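See structure below.
Keep in mind the model is a prediction, meaning the values are calculated, not measured. Throughout, a chain's letter reflects where its sequence line sits, starting with A, and its residues are numbered from 1.
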Amino acid sequence: MKEAGVSPNVVTYNSLMAGATRGHTLSKCFDMFEVMLEMGIVPDAWSYNTLIHCLFKYGQPDEAYRVFNDILLQNIYPCQTTYNIMMNGLCRNGYIKNALILFRNLERHGYIPETMTFNILINGLCKSEKWKDTMKLFEELQQSGFSPNAITYTTLMKCCFKHKHLRKGLEIFSEMKNKGYAYDLFSYCTVIGALLKSGRTQEANKYVAFMIKIGYQLDIASYNTLINMHCKAGKLENAFNLLNVAEESGLECDIYTHTILIDGLCKAGNIVDAERHINHLNSMGFYCLVAFNCFIDTLCKLGHIDYALQVFHSMDVKDSFTYSSLVHNLCKARRYRLASELLLSSIKAGLKILKSDKKAVFEGLTLTGSVKDVQTFKLKVRVAKLLNY
DNA sequence: CTAGGGTTAG
């Protein structure tokens, strides 16, 4: 543009800011905003929307809120999108309450929310495990004059599946189909994924058949779902064949693809290839925590707990799955002392622990340790929890 | 410029 003698305007810089946000750089987005100011170009609502979105996306809710307040003081009027971005950003940074307060305040000032606004809040409520409030808002959406769409239904379904309400989730899928929103690839992947996870292979196959019949252009996420289906059935060869099909159609496999295949290899008992695949990923600079978790869990189940511990200690990042697999399997192997130490470490790391793991450790210690040991351990757990909250 | 899908433990 510069060479052609064309001067950039506000739209040019808005585009650059949006691109920077997608390309994962907060600083670049800011740079573009500043260059725009230096050039004497006046930012518009779009510029601020993008800036606010970028700040939320990269975990700076306070700054985002400051920018929002700044524009209220200027002559720039926030639009529907501004408010949507605010509510979405608040939800994603753990401020669902504030998002709802903003929503209700806006309503009082005559703001009419659209389907997307509801979807943002429904998603936020789902993620913060508030099922009743979620359904209340869903009711509100239906009475608002706007209609729920495929995104609304998929969000609700995923929330059901996450909380093991498989039947309720399938009911929502039926409702969605009856209302004519079923021609949607995302919703099929959600349903199939949930069925596979709960071991309902037959039903999963049924929906896969529907999905194929509709004739969607499959993307990598849907291929991952199908590859997972073959892995769960123990048909590794089919899984790898499908991987080839995906790659031949120009798709690039991602971290999910690798993880699904590694888990498939593990579950098929092929720990040699699973480890090879993990090392291959590492050598390319990918650290895949979930794949490590699958590997550790399988090692434990096959009785190689000490090797699992070795892998565990070599890991830079661990999560509740990593700890839980080891704690559970150490208990099964009656190695309660070590299990209790790991359980304590995970609490200290601020991770969520399973009731079943805690129970197994307590019962194991009670069975094999002295009463004093058990009491000391309980005290340590309590202290660790207090320090976390 | 903003909303939904796909991977692991129990």
Return no unless some side-chain N or O of [X] is found under 4.0 Å from OP1 or OP2 of [N].
X: A:N123; N: B:dG4; answer: yes
X: A:R92; N: B:dG4; answer: yes
X: A:N228; N: B:dT7; answer: yes
X: A:K232; N: B:dT8; answer: yes
X: A:K197; N: B:dG5; answer: no
X: A:K158; N: B:dG4; answer: no

Would you indicate which nucleotide in [options] comes nearest to any side-chain atom of [X]?
X: A:I120; options: B:dA3, B:dG4, B:dA9; value: B:dA3
X: A:F186; options: B:dA9, B:dC1, B:dG4; value: B:dG4
X: A:A150; options: B:dG4, B:dA9, B:dC1; value: B:dG4
X: A:N88; options: B:dC1, B:dG5, B:dA3; value: B:dA3
X: A:N149; options: B:dG4, B:dA3, B:dT8; value: B:dA3
X: A:H328; options: B:dG10, B:dG5, B:dT7; value: B:dG10
X: A:N84; options: B:dT2, B:dT8, B:dT7; value: B:dT2

Between NZ on residue A:K380 and OG1 on residue A:T376, distance to nearest 0.5 Å: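 Atom-to-atom, A:K380:NZ and A:T376:OG1 are 7.0 Å apart.
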
Using a heavy-atom cut-off of under 4.0 Å over every strand shown, decide if [X] touches base, sugar-phosphate, or nothing.
X: A:N14; answer: nothing
X: A:L326; answer: nothing
X: A:A18; answer: sugar-phosphate
X: A:N329; answer: nothing
X: A:K127; answer: nothing
X: A:S325; answer: sugar-phosphate
X: A:D357; answer: nothing
X: A:K352; answer: nothing
X: A:L51; answer: nothing
X: A:T21; answer: nothing
X: A:L354; answer: base

Would you state whether a donor and an acceptor, one from the side chain of A:D219 and one from the base of B:dG5, lie under 3.5 Å apart?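 Per atom types, the contact qualifies.
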
Report yes if a donor N or O on one partner sits less than 3.5 Å from an acceptor N or O on the other, where the partners are the side chain of A:T190 and the base of B:dG5; otherwise report no.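 There is none.
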
Return the stacking result for B:dT7 and A:Y256: yes when the ring centres lie under 5.5 Å apart and the planes under 30°, no otherwise. no

Whole angstrom value for the distance that separates C1' of B:dT2 from CZ of A:F68: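 Rounding to the nearest Å, CZ of A:F68 and C1' of B:dT2 are 14 Å apart.
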
Output the rounded distance in Å from CG (A:N49) to C1' (B:dC1). 5 Å

So, is the end of the A:K378 side chain (NZ or CZ) under 6.0 Å from the ring centre of A:F362 and within 45° of the ring's axis?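 Verdict for A:F362: a cation-pi partner in A:K378.
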
Below 4.0 angstrom, N of the basic side chain to O of the carboxylate: do [X] and [Y] qualify?
X: A:R104; Y: A:E140; result: yes
X: A:E139; Y: A:K136; result: no
X: A:D62; Y: A:R66; result: no

Criterion side-chain hydrogen bond (donor to acceptor under 3.5 Å, both in side chains) against A:S325, the qualifying member of A:D297, A:T298, A:D357: A:D297

Residues in ring-ring contact (aromatic ring centres under 6.0 Å, His included) contact with A:Y65, at least two apart in sequence or another chain: none

Relative to the 5' end of DNA chain B, which residue comes earlier, A:K164 or A:D254, by the nucleotide with the nearest heavy atom? A:D254

